[in-house]
Amino acid sequence: QVQLVESGGGVVQAGGSLRLSCAASGSIVRINDMGWDRQAPGKQRELVASITRAGDSTAYADSVKGRFTISRDRAKHTVFLQMNSLKPEDTAVYSCNAHVASLYQRQGRDYWGQGTQVTVSS
């Protein structure tokens with residue numbers, strides 16, 4: 001019914017930048033909050049950043065504050081994560097998430113993408 005597809009992952013050297021994108025598609029009525037989380041091997045999933053429907057409020061994990069910026073394009077049902085000054089400890093699978101009301105589930109539910117690998121080499 002609703003799909004989230006990420007793109008933009010890859011391999012980058014420490015200090016470099018990457019921009020992740022996540023596009024939602026399907027029987028969408030309304031997309032509320034969107035966000036990104038990540039999971040590194042052997043570690044718990046970590047919420048990286050989130051943004052409200054209007055885009056007027058954002059939140060970040062302490063580990064990425066000042067380096068990552070989340071934004072969205074409501075018209076295109078897309079959320080972005082600009083990652084600067086990347087560190088080896090940022091290496092993880094990054095997944096987007098969104099709370100979406102669809103034609104078949106008007107009250108809304110959370111959806112996640114498959115994830116995209118980000119590898120930062122030292």
Side-chain angles (χ1 to χ4, degrees):
Q1 299 171 6
V2 174
Q3 299 82 36
L4 301 180
V5 179
E6 302 97 338
S7 61
V11 179
V12 63
Q13 287 191 332
S17 299
L18 282 174
R19 188 181 192 227
L20 304 182
S21 300
C22 172
S25 63
S27 52
I28 297 169
V29 172
R30 176 187 174 100
I31 302 179
N32 298 311
D33 290 1
M34 302 185 80
W36 291 89
D37 55 31
R38 66 186 182 185
Q39 187 161 26
K43 294 188 177 181
Q44 286 192 333
R45 184 176 293 274
E46 175 186 26
L47 176 62
V48 174
S50 62
I51 186 168
T52 55
R53 171 174 167 78
D56 55 353
S57 181
T58 57
Y60 297 92
D62 287 343
S63 57
V64 306
K65 279 181 182 176
R67 301 187 297 122
F68 290 11
T69 303
I70 189 170
S71 60
R72 67 189 290 173
D73 183 331
R74 282 176 54 180
K76 295 183 178 179
H77 295 166
T78 301
V79 63
F80 306 96
L81 186 67
Q82 178 66 44
M83 305 185 294
N84 298 329
S85 301
L86 282 161
K87 305 175 181 179
E89 51 263 43
D90 293 318
T91 296
V93 174
Y94 286 70
S95 302
C96 66
N97 57 80
H99 187 84
V100 182
S102 68
L103 290 174
Y104 305 100
Q105 201 157 19
R106 294 295 184 123
Q107 72 274 22
R109 51 156 284 194
D110 292 329
Y111 291 86
W112 283 265
Q114 294 276 32
T116 185
Q117 177 70 45
V118 171
T119 302
V120 184
S121 60
S122 56

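The analysis underlying the following values was restricted to heavy atoms, covering all of them including side chains, and did not include hydrogens, waters or symmetry mates.
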Heavy-atom count check: over 12 atoms from other residues, nucleotides or ligands less than 6.0 Å from Gln107 CD?
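Yes, enclosed.
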Take a 6.0 Å sphere around CD of Gln105 and say whether it holds more than 12 heavy atoms from other residues, nucleotides or ligands.
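Yes, the 6.0 Å shell around CD holds more than 12 heavy atoms from other groups.
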Under the side-chain contact (heavy atoms from CB on, under 4.5 Å) criterion, do Val79 and Ile70 qualify, and how do the steps go?
CA-CA 7 Å; Val79 63; Ile70 189 170; 3.8 Å; yes
Rounded to the nearest 0.5 Å, how far does [atom2] of [Y] lie from [atom1] of [X]?
X: Glu46; Y: Tyr94; atom1: CD; atom2: OH; value: 8.0 Å
X: His99; Y: Asp33; atom1: NE2; atom2: CG; value: 8.5 Å
X: Ile28; Y: Gln3; atom1: CD1; atom2: CD; value: 8.0 Å
X: Trp36; Y: Leu81; atom1: CH2; atom2: CG; value: 6.5 Å

Give a yes or no on whether Val12 and Phe68 share a hydrophobic cluster (residues Ile, Leu, Val, Met, Phe, Trp, Tyr; joining criterion: side-chain heavy atoms under 4.5 Å apart).
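Both belong to a single hydrophobic cluster.
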Please find the pair of heavy atoms, one from [X] and one from [Y], that lie closest to each other, and give the distance.
X: Tyr60; Y: Lys65; result: O-CE, 3.4 Å
X: Val2; Y: Ser102; result: CG2-CB, 4.0 Å
X: Arg72; Y: Arg53; result: NH1-CA, 3.1 Å
X: Thr91; Y: Val120; result: OG1-N, 2.9 Å
X: Ile31; Y: Ala98; result: CG2-CB, 4.1 Å
X: Ala92; Y: Ala40; result: CB-N, 3.8 Å

Less than 4.5 Å apart, any side-chain heavy atom of Leu4 and any of Glu6?
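No. Closest side-chain heavy atoms not under 4.5 Å.
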Side chains of Leu18 and Val118 in contact at under 4.5 Å (non-hydrogen atoms)
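In contact.
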Would you tell me whether Gln114 and Ser95 have side-chain atoms, one donor and one acceptor, within less than 3.5 Å of each other?
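The criterion, which ignores hydrogens and geometry beyond distance, is not satisfied for Ser95 and Gln114.
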Between Gln82 and Asn84, is there a side-chain donor-acceptor contact under 3.5 Å, judged purely by atom types and distance?
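Checked: Asn84/Gln82 side chains pair up, N/O donor to acceptor below 3.5 Å.
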Has the side chain of Thr52 got a donor or acceptor atom that lies under 3.5 Å from a matching backbone atom of Ser57?
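Between the backbone of Ser57 and the side chain of Thr52 there is a qualifying donor-acceptor contact (under 3.5 Å).
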Charged tip of Arg19 within 45° of Phe80 ring normal and under 6.0 Å:
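That pair qualifies as a cation-pi contact.
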Between Arg109 and Val100, does a side-chain contact (heavy atoms from CB on, under 4.5 Å) hold up when you go through it step by step?
CA-CA 6 Å; Arg109 51 156 284 194; Val100 182; over 6 Å; no
According to the salt bridge (charged side-chain N to carboxylate O under 4.0 Å, His left out) rule, which pairs have a member within residues 79-100, sequence neighbours left out?
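For residues 79-100: Arg38-Asp90, Arg67-Asp90.
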Pair Thr116-Leu20, side-chain contact (heavy atoms from CB on, under 4.5 Å): steps then yes or no:
CA-CA 8 Å; Thr116 185; Leu20 304 182; 4.0 Å; yes
Working note: Tyr104 + Val29, criterion side-chain contact (heavy atoms from CB on, under 4.5 Å); need CA distance, chi angles, decisive distance, verdict.
CA-CA 9 Å; Tyr104 305 100; Val29 172; over 6 Å; no
For residues 9-99, pull every pair meeting disulfide bond (SG atoms under 2.5 Å apart), keeping only residues two or more places apart or in separate chains.
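The answer is Cys22-Cys96.
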